[in-house]
**Student:** 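Mind having a look at this structure? Questions to follow.
Proteins come first, then strands; the chains are lettered A, B, ... in the order of their sequence lines, and each starts at number 1.
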Amino acid sequence: MTSTLLCLDTSDGAAVAVLRDGQTLAAARSDDPRRHVEHLAPLIVGCLDTAGITAADLTAIAVGTGPAPFTGLRVGLVTARTFAQARGLPIHGVSSLDAIAADALAEQDVEDVLVVTDARRREVYWGRYRRDEANVVHAVAGPGVDTAAQVATDHADLVEAGQVTGRGLALYPADLAGGVVSDDERAADAVVDASRLGHLALMRARAGVAQPTEALYLRRPDVHVPGRATGR
Amino acid sequence: MRVQAARRAGVGLVVMAAAHDHPPLVLGIETSCDETGIALVRGQELLTDVTASSMDEHSRFGGIVPEVASRAHLEAFGPTLSAAVERAGVGLGDIDAVAVTSGPGLVGSLTVGVAAAKSLALALGVPLYGVNHILGHVAVDVLVDGPFPEEFLGLVVSGGHSSLLHVRDIATDVVELGQTLDDAAGEAFDKVGRLLGLPYPGGPHVDKLAQQGDPAAFAFPRGLSRPKDMAAHAYDFSFSGLKTAVARVVEGFTDRGEEVPAADVAASFSEAVADVLVTKTLAACERHDVGCVVIGGGFSANSRLRELAAQRFGEAGIDVRIPPIRYCTDNGAMIAALGSAVVAAGLPASEFDITIDSQMPLTRVLATA
């Protein structure tokens, strides 16, 4: 049976792809990390159109679960969950950092990579990954959220070897890139490759791995407890 | 933004009422604050209304925590949607249009509902309508009290809003006569609740305490009611000065080491709020020669407001319509009702690139990009 997968990620910018039997039929993206609610649905419409299919042709949904800034992350998750519910489709959640790691290690000879993305508030989301003999990429440590300096200390081996990827690299070059701003286009890219995320989801689904869509917030909500009201 | 071949997806989608034997089935989604509300309305008939609230998670913080509310919306949305269609005895495929609160409200909360609504409309291939939350508080009354008269005044009072509207058609002809210049009525209640050491949310607690007190014990000010204020702000409200006056009285007792007569303070404060709301609305009725008032929003649950409105509008021969409390607080029915009115009026569907608008003005019933 033909599988037609809609892939979404809103962990930094917004990314959408449609995969049919593993082939990318359409992909679209927005670099804006603060306008997911405006951009995501038109991107989906554009991708379905480019792929020449309708919502009724989809057979599953894959979605990036972060870690990511909260409001944008929720746009992707509620869009994916609601779409799946409306069409009665299975849904697969994939860590956005996993997708970035898989993308980075697919094109490199090295086995290990540190992924760092923008967590705002002068911090990065991070995850440390390794590719095994079977060519499967696993998280070795993380996901976590910390200052770039702390992450650089904790993973000094990978930082010194230059095996770091993700937008955190461009944001904190002094800590993570030895003071050199990487000219690697991917390192500065705000957008997850939605096709790569979809491939991961399909591979894990075939392997029978559970893929929940719980949001990876990694931080508790900010709570400001108001004091007693006073007259002004 | 790079959008590959992004089409204006709303084009070509119209609600084909004529294709059915009955009016279109409109799903309404409300997530502007802490309630996840989803309802189904056919024409002016409410089929189902389901609400999940995160209030219990907020009460210990003494106020709505936006991020807590947003997280709760994400988790509550799917189950609430399932419950709504199940209780209505329909399938998701039976839905003809999706309406959603675009604003005003909390950005994070609104974002979850609007994203979900777009996805649902897209997945089902039906039109989307991003609508104004405040107008929904008026529109919902049609589900309870039947069709609206040709014109009426709408008084929307809640923890976030206090607005007086002149309505000829809830979808196409609403004029804002006035609004609060500072605190909303419900907000003032929450603050006074805190002054009196009552739990959050203050509204119901102050209301309950007030019923045991003397409303004439303290002469609290009626905001914007003096002649010179009435010239410029005849139908505007102000509750900040009132709250300050209450604070001074409470501080006076505390400073003298006396016990605060909390019930009397609550009763006198409640009286001042209800009095100014009813007096100004009544004046607007006379000025515009309107014989019907619809009161909505969470604060219309206030017992003194209900009493005073019934009494004074009754004396003036003005019909007053206040829906039951469950339709006064935030719910999906209000958005489904407004969506249904918008569909019936033939307004164009929203595009899929509409934004959320935390400050959405009352002059707009529908959202923009």
**Student:** Is it true that A/R81 and B/E75 make a salt bridge, defined as a side-chain N closer than 4.0 Å to a carboxylate O?
**Tutor:** yes
**Student:** side-chain contact (heavy atoms from CB on, under 4.5 Å) between A/Q85 and B/L81: does it pass, once the steps are laid out?
**Tutor:** CA-CA 9 Å; A/Q85 187 174 355; B/L81 177 62; 3.8 Å; yes
**Student:** Among B/G78, B/G113, B/G108, which has the most heavy-atom pairs under 4.5 Å with chain A?
**Tutor:** B/G78
**Student:** Below 4.5 Å, heavy-atom pairs only: which of B/A245, B/G91, B/A117, B/S70 has the largest tally toward chain A?
**Tutor:**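 Counting heavy-atom pairs under 4.5 Å, the top option is B/S70.
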**Student:** Taking every non-hydrogen pair under 4.5 Å, which of A/R220, A/R35, A/E214 racks up the most with chain B?
**Tutor:** A/R220
**Student:** Using a strict cut-off of less than 4.0 Å between a Lys/Arg side-chain nitrogen and an Asp/Glu carboxylate oxygen, indicate whether B/E67 and A/R219 qualify as a salt bridge.
**Tutor:** no
**Student:** Kindly compute the distance separating CD1 (B/I356) from CD (A/E38), expressed to the nearest 0.5 Å.
**Tutor:**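 Separation between the atoms: 7.0 Å.
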**Student:** Search all heavy atoms of B/V65 against all heavy atoms of A/D222 and return the closest pair with its distance.
**Tutor:**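 Nearest heavy atoms, B/V65 then A/D222: CG1-O, 3.3 Å.
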**Student:** Quick one: pull up CZ in B/F352 and CG in A/L40 and give me the separation to the nearest 0.5 Å.
**Tutor:** 11.5 Å
**Student:** When rounded to the nearest 0.5 angstrom, what distance separates CG in A/L48 from CG in B/L122?
**Tutor:** 6.5 Å
**Student:** Distance-only, no hydrogens or angles: does the A/R74 side chain make a donor-acceptor pair with backbone N or O of B/T111 under 3.5 Å?
**Tutor:**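 Checked: no pair found.
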**Student:** Would you say B/R256 has more than 12 foreign heavy atoms packed within less than 6.0 Å of its CZ?
**Tutor:** yes
**Student:** Locate the shortest heavy-atom distance separating B/A115 from A/V78; write the atom from each residue and the value.
**Tutor:** CB-CG1, 3.6 Å
**Student:** Quick one: OG on B/S119 to CG on A/L8, what's the gap to the nearest 0.5 Å?
**Tutor:** 8.0 Å
**Student:** Quick one: closest heavy-atom pair of B/A123 and A/A86, and the distance?
**Tutor:** CB-CB, 3.7 Å
**Student:** Count the heavy atoms of every other residue, nucleotide or ligand shown that sit under 6.0 Å from CZ of A/R34, and state whether that count exceeds 12.
**Tutor:**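 Atom CZ in A/R34 is not packed in, count stays at 12 or less.
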**Student:** Side chain from CB out, backbone as N, CA, C, O: work out which of these in B/L74 comes under 4.5 Å of a heavy atom of chain A, or both, or neither.
**Tutor:** both
